[in-house]
Amino acid sequence: MTDALFGVGARWRDGRTVRSEPLPLVTVRPPGPPPVYGRSPFRNQELLLGTRVYEAPGPGGACRVGTEVFLWAPNATGTARLGGYETRLLGGQPKRRAALTSLGVQRQPGLAAQVPPGGTAEIACLDHDRLRTAVTALRARAATSTAVHTDGLTATLPPGTTGTAVVAAPAIAGWRCDGATPTPYGGLLAVPVPPGTTTVSCTFRPPGLAAGLAAGAAGLVLLAGWVWPARRARRPRAG
């Protein structure tokens, strides 16, 4: 889900780079207000993606077989388990917050995750077929070409495009898109696309830093969200 939202095309897994089909760095969303986040991180991801891809657990808290089980328990400390897979949670605000994590693919009907105590816990079941369909839809509304520069990017849009161009980069201070400060779209960059617009151009210069540092920071932001493989090894999933 994170890969789809931030256009990640490669990850570091089990000591090697695993590549997937490149995802759009710039996509155009239909006209409408930006997403308004609520309590659930799973619903917030869906708002940013533009469609529902998670299911709620069924009776007994078990996900449907074939879906991937995700756990959000920010204050929990201890071991979470699903069958033979386990992961350690290190929550406890305000000092620590346990990450949203995968517990693997549901293989056994009715098997529920075991979650250590500690405040709010939420389970969601990711349907990968729905996610692939959503990503395909994003590609259909993606920029036809994107050029990444040392201090930003320029994207060419499909003819007749209108709505909001969303750039898979964090909406932090220092960005300028088409000469104006971009509006955040759920934490990402958003640029209005009126009729007749053919390109979107964004540059990044952090306030108070020299131009050379600004260019380097912009490159790091773009690479981290697009093509730079994640360097954190992930544990193998059960099954």
Side-chain angles (χ1 to χ4, degrees), residues 1-8 10-15 18 20-21 23 29 33-139 168 185-188 230 232-239:
M1 188 66 162
T2 303
D3 292 353
L5 295 176
F6 286 94
V8 176
R11 281 192 174 271
W12 184 257
R13 289 194 178 102
D14 303 327
V18 179
S20 59
E21 186 176 352
L23 300 169
R29 312 302 174 91
V36 177
Y37 287 159
R39 186 193 64 82
S40 171
F42 303 110
R43 183 58 183 143
N44 292 340
Q45 289 181 351
E46 290 175 330
L47 288 172
L48 204 54
L49 186 65
T51 188
R52 301 297 295 265
V53 294
Y54 287 107
E55 299 176 1
C63 287
R64 177 171 57 85
V65 171
T67 60
E68 186 173 358
V69 182
F70 280 87
L71 167 65
W72 179 63
N75 283 312
T77 298
T79 301
R81 294 183 177 85
L82 179 69
Y85 178 89
E86 63 180 40
T87 187
R88 182 74 175 169
L89 302 179
L90 296 174
Q93 298 184 77
K95 292 184 178 180
R96 299 187 306 270
R97 173 172 252 203
L100 188 154
T101 185
S102 169
L103 297 180
V105 175
Q106 184 82 24
R107 304 293 187 188
Q108 180 179 336
L111 179 64
Q114 300 178 26
V115 183
T120 300
E122 184 177 356
I123 294 286
C125 318
L126 178 64
D127 185 321
H128 282 271
D129 288 337
R130 291 184 188 176
L131 180 57
R132 281 189 287 269
T133 299
V135 170
T136 298
L138 283 178
R139 288 197 182 102
Y185 188 93
L188 303 180
R232 183 180 64 184
R234 301 179 65 184
R235 296 183 183 180
R237 295 172 184 166

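All heavy atoms count here, side chains included; hydrogens, waters and symmetry mates do not. As the structure is a prediction and not an experimental result, all values here were calculated from the model.
- Separating the CZ atom in Arg130 from the OG1 atom in Thr67 is a distance of 10.0 Å, to the nearest 0.5 Å.
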Exercise. Apply side chain to side chain contact (heavy atoms under 4.5 Å, CB included) to the pair Thr79 and Leu89, showing each step before the final yes or no.
Key: CA-CA 6 Å; Thr79 301; Leu89 302 179; over 6 Å; no
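- Side-chain N or O atoms of Thr77 include one that pairs as donor or acceptor with a backbone N or O of Gly91 at under 3.5 Å.
- Using a 4.5 Å cut-off on side-chain heavy atoms (C-beta onward), Leu49 and Leu138 make contact.
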Exercise. Take Phe70 and Thr101 through the side chain to side chain contact (heavy atoms under 4.5 Å, CB included) test and state the conclusion after the steps.
Key: CA-CA 6 Å; Phe70 280 87; Thr101 185; over 6 Å; no
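- A donor-acceptor contact under 3.5 angstrom links the side chains of Ser102 and Glu68, judged on distance only.
- The nearest pair of heavy atoms linking Gln93 to Asn75 is N-OD1, 2.9 Å.
- Side-chain atoms of Arg29 come within 3.5 Å of backbone atoms of Leu48 as a donor-acceptor pair (strictly under, hydrogens ignored).
- Residue Ala76 comes nearest to Pro116 through the heavy atom pair CB-O, 3.8 Å, listed as atom of the first residue, atom of the second, then distance.
- Taking all atoms of both residues into account, the shortest heavy-atom contact from Asn44 to Gly38 is OD1-N, 2.8 Å.
- The shortest side-chain heavy-atom distance between Thr87 and Leu103 falls under the 4.5 Å cut-off.
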Quiz item: Yes or no on side chain to side chain contact (heavy atoms under 4.5 Å, CB included) for Leu100 and Phe42, after CA distance, side-chain angles and deciding distance?
Solution: CA-CA 9 Å; Leu100 188 154; Phe42 303 110; 3.6 Å; yes
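- Here the closest non-hydrogen pair linking Ala121 and Ala73 is CB-CB, 4.0 Å.
- Put simply, CG on Asp127 and OH on Tyr54 are 11.5 Å apart, with the number rounded to the nearest 0.5 Å.
- You'll find the side chain of Arg64 stays beyond 4.5 Å of the side chain of Gln106, heavy atoms only.
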Quiz item: Step by step, would you call Thr51 with Glu46 a side chain to side chain donor-acceptor pair (under 3.5 Å)?
Solution: CA-CA 5 Å; Thr51 188; Glu46 290 175 330; over 6 Å; no
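- The side-chain heavy atoms of Leu126 and Val53, taken from C-beta on, include a pair separated by under 4.5 Å.
- Between the CG atom in Leu131 and the CE atom in Met1 there is a gap of 6.5 Å [rounded to 0.5 Å].
- Under the 4.5 Å side-chain criterion, counting only non-hydrogen atoms from C-beta, Leu82 is not in contact with Gln114.
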Quiz item: Where do Ile123 and Trp72 land on the side chain to side chain contact (heavy atoms under 4.5 Å, CB included) test, with the steps shown first?
Solution: CA-CA 7 Å; Ile123 294 286; Trp72 179 63; over 6 Å; no
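- Tyr37 contributes atom OH, which lies 9.0 Å from atom CD of Gln45 (distance to the nearest 0.5 angstrom).
- To the nearest 0.5 Å, atoms CZ (Arg43) and CG (Leu47) are separated by 4.5 Å.
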